[in-house]
Amino acid sequence: MTTTVVIGGNFAGMTAALELKRKGKKEHKVIMVDKSPLFLFIPSLIWVPFGRREIKDISFRKDTILKKKGVEFMHAEALRVDTEKQIVLTDKGEVNYDHLVIATGPKVKFDVAPGIKEYAHYIGTPNGAMKTRAALEAFKNEPGDIVIGATQNAGCMGAAYEFLFNVEKWLREQHIRKKVNLYWITPETFLGHFGIDGMTGGETMLKSFMKMFNIHYRTEVGIKEVQKDKVVLSTDEVINSKFTMLMPPFVGVDFVTKSEGLKATPAGYIPVTDDYRHTELPNVWAAGIAVDVKLPFTPGKVPFSSPKTGYPSDETGKIVAENIYRVSQGKTKLKQKAWGKIPGICVMDAGKKEVIILSNSLFKPRNFAIMIPNVIFDFSKVLFEKYFLWKTKHGYSQLP
Ligand SMILES: Cc1cc2nc3c(=O)[nH]c(=O)nc-3n(C[C@H](O)[C@H](O)[C@H](O)COP(=O)(O)OP(=O)(O)OC[C@H]3O[C@@H](n4cnc5c(N)ncnc54)[C@H](O)[C@@H]3O)c2cc1C
């Protein structure tokens with residue numbers, strides 16, 4: 001019997017745990033440790049501030065499906081791992097492992113500039129999305145200028161773009177659009193870089209969106225400081241802002257950075273080879289955001305990073321499961337797929353409009369890359385949400 005402990009059970013960890021149990025059957029004991037009892041479809045958090053989704057619509061208790069599929073669930077926070085003794089320490093006790101999968105996602109680095117934690121909103125957590133909803137409700141009665149964007153070192157620009165276009169549409173629905181100067185600020189060297197060096201036609205498309213919706217924008221800027229009613233940019237420009245939403249950078253979680261034995265990178269990510277096995281620890285694996293991914297482009301004046309989206313998170317979860325299974329079978333040939341070679345499949349919601357982004361590989365060089373705008377409705381993102389929730393609720397981890 002091989003025991004695998006999966007730390008973190010959302011996109012990457014849920015797939016890894018279910019897939020390994022499906023393949024390994026009775027020969028594999030799989031234990032998932034997660035501090036949250038809920039599976040959360042994070043991409044739909046952008047709709048929560050506008051009341052288009054409630055948290056209950058995009059989350060469900062994960063223990064039921066895990067139990068049904070034979071995966072043990074431990075509702076606990078992993079605190080540290082002793083990689084020599086192969087023991088994970090949690091706030092609910094210790095767990096031993098033969099293989100360890102790290103799928104802990106990100107920690108948000110709010111202290112990247114002063115005032116972000118205090119004065120800027122963040123939509124990437126249920127609590128943050130609900131607070132943003134309350135702030136927009138209050139804003140309606142006393143509108144002013146708005147700043148939305150991503151900070152220096154951020155990588156998840158896509159979600160901030162989505163929120164920007166949803167806010168623009170919401171302002172029109174509230175009949176207050178004319179009272180608001182709407183600003184987009186980004187460390188990207190050009191609009192639509194997205195941390196993947198852009199795609200053909202992307203910059204032109206986003207420029208035309210900005211023009212069409214009368215959104216002012218600044219590229220290659222960072223944040224010097226956020227105050228209650230203004231945002232100070234790295235260029236010293238000061239923009240008045242009654243409502244600010246920023247996407248700060250992601251780093252590795254405390255569990256990783258506090259576990260010296262994991263030999264994480266300075267940013268707290270797990271160094272892996274293309275089989276998602278730790279470069280130095282053969283029984284430690286990583287999937288999803290926890291994976292260290294090398295920057296696929298030359299940064300400009302302001303540093304920024306590349307996104308780690310849902311599709312590659314799910315894919316790396318599958319690869320890790322397959323490879324642990326192969327190792328347990330005594331095989332030495334492992335499945336390999338460099339992060340940047342995983343196909344790019346993403347939908348950018350633009351407020352009941354959307355842009356479908358498809359490419360044969362996430363990073364350049366690409367043989368095929370296309371951005372398809374859909375200005376009629378955002379049914380692809382809705383479809384993606386419904387499909388992913390259906391697939392995960394039923395434990396169909398083998399599906400794409
Ligand atoms: C606002 C927003 C919008 C997005 N939109 C899109 C989109 O449209 N399309 C797309 O493809 N991607 C999108 N993404 C990215 C997508 O959400 C991530 O790619 C995906 O969630 C990464 O999966 P993961 O499993 O690596 O991490 P997560 O989904 O963050 O899961 C990590 C899990 O680890 C658990 N955990 C963390 N630390 C511990 C610990 N110490 N002990 C126990 N458990 C722990 C957490 O509770 C969580 O369940 C978006 C992200 C954000 C923030």
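Between Lys242 and Glu142 a salt bridge is recorded (basic side-chain N to carboxylate O distance below 4.0 Å). Between Arg133 and Glu137 there is no salt bridge, since none of the side-chain N atoms of the basic residue sits less than 4.0 Å from a carboxylate O of the acidic one. Between Glu72 and Lys67, no side-chain nitrogen of the basic residue sits less than 4.0 Å from a carboxylate oxygen of the acidic one, so the salt-bridge criterion is not met. One finds no salt bridge joining Glu322 and Lys318 here, because no Lys/Arg side-chain nitrogen approaches an Asp/Glu carboxylate oxygen to under 4.0 Å. Between Lys169 and Asp378 there is no salt bridge, since no side-chain nitrogen of the basic residue lies less than 4.0 Å from a carboxylate oxygen of the acidic one.
Contact check for Arg53 versus Glu385: side-chain heavy atoms found under the 4.5 Å cut-off. Considering only heavy atoms from C-beta on, Lys308 stays 4.5 Å or farther from Phe11 through its side chain. Under the 4.5 Å side-chain criterion, counting only non-hydrogen atoms from C-beta, Arg277 is in contact with Leu334. Counting heavy atoms from C-beta on, the side chains of Thr219 and Phe190 never come closer than 4.5 Å. For the pair His278/Ile270, a side-chain contact is recorded, criterion being any heavy-atom separation below 4.5 Å from C-beta on. Contact annotation: the side chain of Leu182 approaches that of Leu164 to within less than 4.5 Å [non-hydrogen atoms, C-beta and beyond]. Inter-residue side-chain proximity for Phe243 and Val147 is flagged as unmet; no heavy-atom pair is nearer than 4.5 Å. No side-chain heavy atom of Val101 sits less than 4.5 Å from a side-chain heavy atom of Val5.
Between the side chains of Thr2 and Asp98, no donor-acceptor pair is found at a separation under 3.5 Å. No side-chain donor-acceptor contact under 3.5 Å links Asp34 and Ser36. Looking at Thr186 and Glu188, their side chains do bring a donor and an acceptor atom within 3.5 Å of each other. Of the N and O atoms on the side chains of Asp349 and Asn166, at least one donor lies less than 3.5 Å from an acceptor on the other residue. Looking only at atom types and distance, the side chain of Asn96 has no donor-acceptor partner in the side chain of Gln86 under 3.5 Å away. Between the side chains of Trp285 and His99, at least one donor-acceptor pair of N or O atoms lies under 3.5 Å. Using a 3.5 Å distance cut-off with no hydrogens or angles, the side chains of Thr189 and Glu220 do not pair a donor with an acceptor.
For Lys352 and Phe377, the positive end is not near the middle of the six-membered ring at less than 6.0 Å and at most 45° from its axis. Under the 6.0 Å distance and 45° angle rule, Lys381 does not count as a cation-pi partner of Phe384.
Remark: Gln174 CD is packed, more than 12 non-hydrogen atoms of other residues, nucleotides or ligands lying under 6.0 Å away. Within 6.0 Å of NZ in Lys258 there are 12 or fewer heavy atoms belonging to other residues, nucleotides or ligands. Lys364 NZ: more than 12 foreign heavy atoms inside a 6.0 Å radius. Atom NZ of Lys107 is surrounded by 12 or fewer heavy atoms from other residues, nucleotides or ligands within 6.0 Å. Surrounding NZ of Lys92 are more than 12 heavy atoms belonging to other residues, nucleotides or ligands, all under 6.0 Å away. The environment of CD in Glu118 is crowded: more than 12 heavy-atom neighbours from other residues, nucleotides or ligands sit within 6.0 Å. Counting non-hydrogen atoms of neighbouring residues, nucleotides and ligands closer than 6.0 angstrom, the NZ atom of Lys131 reaches no more than 12 such neighbours.
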Tell me, with the steps shown, if Arg80 and Asp254 meet salt bridge (Lys or Arg N to Asp or Glu O under 4.0 Å). CA-CA 9 Å; Arg80 263 184 316 112; Asp254 292 346; over 6 Å; no
Assess the residue pair His121 and Thr244 against the criterion (side-chain hydrogen bond (donor to acceptor under 3.5 Å, both in side chains)); give the C-alpha distance rounded to whole Å, side-chain angles, the decisive distance to 0.1 Å, and a yes or no. CA-CA 6 Å; His121 289 277; Thr244 306; over 6 Å; no
Mind running side-chain contact (heavy atoms from CB on, under 4.5 Å) on Asn181 and Ile146 for me, showing each step along the way? CA-CA 6 Å; Asn181 283 309; Ile146 292 185; over 6 Å; no
Carefully, step by step, assess Thr15 and Asp314 under the rule side-chain hydrogen bond (donor to acceptor under 3.5 Å, both in side chains). CA-CA 6 Å; Thr15 302; Asp314 188 57; 2.5 Å; yes
Given salt bridge (Lys or Arg N to Asp or Glu O under 4.0 Å), test Lys224 with Asp236 step by step and report yes or no. CA-CA 8 Å; Lys224 205 169 240 179; Asp236 284 330; 2.4 Å; yes
What verdict does the salt bridge (Lys or Arg N to Asp or Glu O under 4.0 Å) test give for Glu168 and Arg177, after you've listed the backbone C-alpha separation in whole Å, the side-chain angles of each residue and the deciding distance to 0.1 Å? CA-CA 7 Å; Glu168 199 283 329; Arg177 180 67 184 92; 2.9 Å; yes
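No donor-acceptor pair closer than 3.5 Å links the side chain of Ser259 to the backbone N or O of Gly261. Checked by atom type and distance alone, the side chain of Gln152 pairs as donor or acceptor with a backbone atom of Ile223 at under 3.5 Å. Using modelled atom types, one side-chain atom of Thr125 and one backbone atom of Gly128 make a donor-acceptor pair closer than 3.5 Å. When atom types are taken as modelled, the side chain of Lys263 and the backbone of Glu280 share no donor-acceptor pair closer than 3.5 angstrom.
The two residues Asn360 and Asn367 make their nearest non-hydrogen contact at OD1-N, 3.0 Å. Across Pro296 and Gly195, no two heavy atoms sit closer than the pair CG-O, 4.0 Å. Asp82 and Tyr97 get closest at one heavy-atom pair: O-OH, 4.0 Å. The minimum heavy-atom distance between Gly395 and Leu18, with the atom names listed, is CA-CD1, 3.8 Å. Pairing each heavy atom of Asn323 with each of Asp275, the nearest pair is ND2-O, 3.1 Å. Nearest heavy atom pair, residue Trp184 against residue Met157, reads CH2-O, 4.0 Å.
If you look at Tyr396 and Tyr387, their ring centroids are not closer than 6.0 Å. When ring centroids are compared, Tyr217 and Tyr183 stay outside the 6.0 Å threshold. Here Phe209 and Tyr161 keep their ring centres 6.0 angstrom or further from each other.
The aromatic rings of Phe388 and Phe41 lie tilted to each other, with the angle between the two planes from 30° to 60°. Taking the six-membered ring where tryptophan is involved, the planes of Phe73 and His75 are essentially parallel, since the angle between them stays under 30° and well short of 60°. Ring-plane geometry between Phe304 and His193 is classed as perpendicular, the angle between the planes exceeding 60 degrees on a 0 to 90 degree scale with a lower cut at 30.
Atom CD1 of Ile46 is separated from atom CE of Met245 by 10.0 Å, given to the nearest 0.5 angstrom. Remark: Leu89 CG to Leu79 CG distance equals 7.0 Å, nearest 0.5 Å. Taking CD1 from Ile55 and CE from Met130, the interatomic distance works out to 6.5 Å, rounded to the nearest 0.5 Å. In this structure, Leu246 CG and Ile185 CD1 are separated by 5.0 Å, a value rounded to the nearest 0.5 Å. Rounding to the nearest 0.5 Å gives a distance of 8.5 Å between CZ of Phe50 and OG1 of Thr132. We find the OG-CG distance between Ser241 and Asp229 to be 8.5 Å, quoted to the nearest 0.5 Å.
Placement of Ile356 and Phe368 within a single hydrophobic cluster is found when ILVMFWY residues are connected by side-chain heavy-atom separations under 4.5 Å, directly or transitively.
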